[in-house]
Undergrad: 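Structure incoming, see below.
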Amino acid sequence: MAFARKLLLLAALGGALGVMFGAFGAHALRNRLDPSQLAIWQTGVNYLFWHVLAALFAARWADSGGGRPALVAVALFLAGTLVFSGTLFALALGGPRWFGAITPLGGLALIAGWLALAVAAWRQK
């Protein structure tokens, strides 16, 4: 499954971004953002890391026979992380407040990713 390997690559790159964003928040933003903005940033980093790890697992599983639901889970984890963490990063940096209305859509994609992973487990032979 070439597509699963591409998703695995995207998830691995997401892990690198997680380290970069975590370091950026801890060092470059520490004295520029107030504590509530830093907390928003850190929440984005935490969700990024957890869901990149989930995407790595699901992509590997999809590549070794997990089937279409595992691929769907990876896509949902990556898209959800982009929307959820991305809008939190933007909000922490002073982005428009209406981004806060988009953030839950990313959260819904993350939840759907976990449910797709559960379907993959259910269907596994």
Side-chain angles (χ1 to χ4, degrees):
M1 285 187 168
F3 186 61
R5 289 194 179 123
K6 289 177 184 173
L7 292 174
L8 186 62
L9 172 65
L10 288 175
L13 293 173
L17 285 174
V19 173
M20 292 165 38
F21 287 158
F24 184 69
H27 300 290
L29 298 178
R30 180 178 47 199
N31 296 323
R32 295 176 188 243
L33 300 180
D34 66 42
S36 67
Q37 290 171 300
L38 281 174
I40 291 170
W41 185 271
Q42 188 58 44
T43 298
V45 170
N46 287 338
Y47 274 78
L48 172 62
F49 264 123
W50 281 112
H51 289 90
V52 161
L53 289 173
L56 286 169
F57 168 78
R60 186 65 185 121
W61 188 13
D63 197 37
S64 65
R68 186 172 177 84
L71 284 175
V72 170
V74 179
L76 287 166
F77 286 144
L78 294 176
T81 299
L82 180 67
V83 173
F84 186 85
S85 294
T87 55
L88 289 180
F89 294 144
L91 285 169
L93 294 174
R97 295 198 40 86
W98 61 264
F99 276 12
I102 298 171
T103 306
L105 298 176
L108 287 173
L110 297 174
I111 293 166
W114 286 108
L115 293 173
L117 202 57
V119 169
W122 181 264
R123 291 184 179 174
Q124 184 76 32
K125 296 179 181 179

Undergrad: Same cluster for Leu88 and Tyr47 if Ile/Leu/Val/Met/Phe/Trp/Tyr side chains link at under 4.5 Å?
TA: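 Yes, Leu88 and Tyr47 fall within the same hydrophobic cluster.
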
Undergrad: Which residue pairs pass the salt bridge (Lys or Arg N to Asp or Glu O under 4.0 Å) test with at least one member in residues 44-61, sequence neighbours excluded?
TA: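 Salt bridge (Lys or Arg N to Asp or Glu O under 4.0 Å) check on residues 44-61 returns Arg60-Asp63.
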
Undergrad: Quick one: side chains of residues 98-121, donor-acceptor pairs under 3.5 Å with protein atoms, not counting sequence neighbours, listed by atom name and distance.
TA:
residue: Thr103; atom: OG1; partner: Thr87; partner atom: OG1; Å: 2.6
residue: Thr103; atom: OG1; partner: Phe99; partner atom: O; Å: 3.2
residue: Trp114; atom: NE1; partner: His51; partner atom: NE2; Å: 3.0

Undergrad: Under 3.5 Å, which donor-acceptor pairs link side chains of residues 70-84 to any protein atom two or more places apart or in another chain?
TA:
residue: Thr81; atom: OG1; partner: Phe77; partner atom: O; Å: 2.7

Undergrad: Would you say Phe24 and Leu33 are hydrophobically clustered, going by side-chain heavy atoms of ILVMFWY under 4.5 Å?
TA: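 Yes, same cluster.
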
Undergrad: Just jot down the side-chain contact (heavy atoms from CB on, under 4.5 Å) partners of Asp34, sequence neighbours excluded, or say none.
TA: Ser36, Gln37

Undergrad: Output a table of donor-acceptor pairs, distance under 3.5 Å, between side-chain atoms of residues 16-23 and any protein atom two or more places apart or on a different chain; print 'none' if there are none.
TA:
none

Undergrad: Apart from Leu13 itself, what residues make up its hydrophobic cluster, given side-chain heavy atom links below 4.5 Å?
TA: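 Via sub-4.5 Å side-chain contacts, Leu13 links to Leu9.
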
Undergrad: Just so I know, are the side chains of Phe57 and Leu53 near enough to count as touching, which here means a heavy-atom distance under 4.5 Å?
TA: no

Undergrad: Can you sort out the partners of Leu8 under side-chain contact (heavy atoms from CB on, under 4.5 Å), two or more places apart, ordered by chain and number?
TA: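 Expected list: Leu56, Ala59.
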
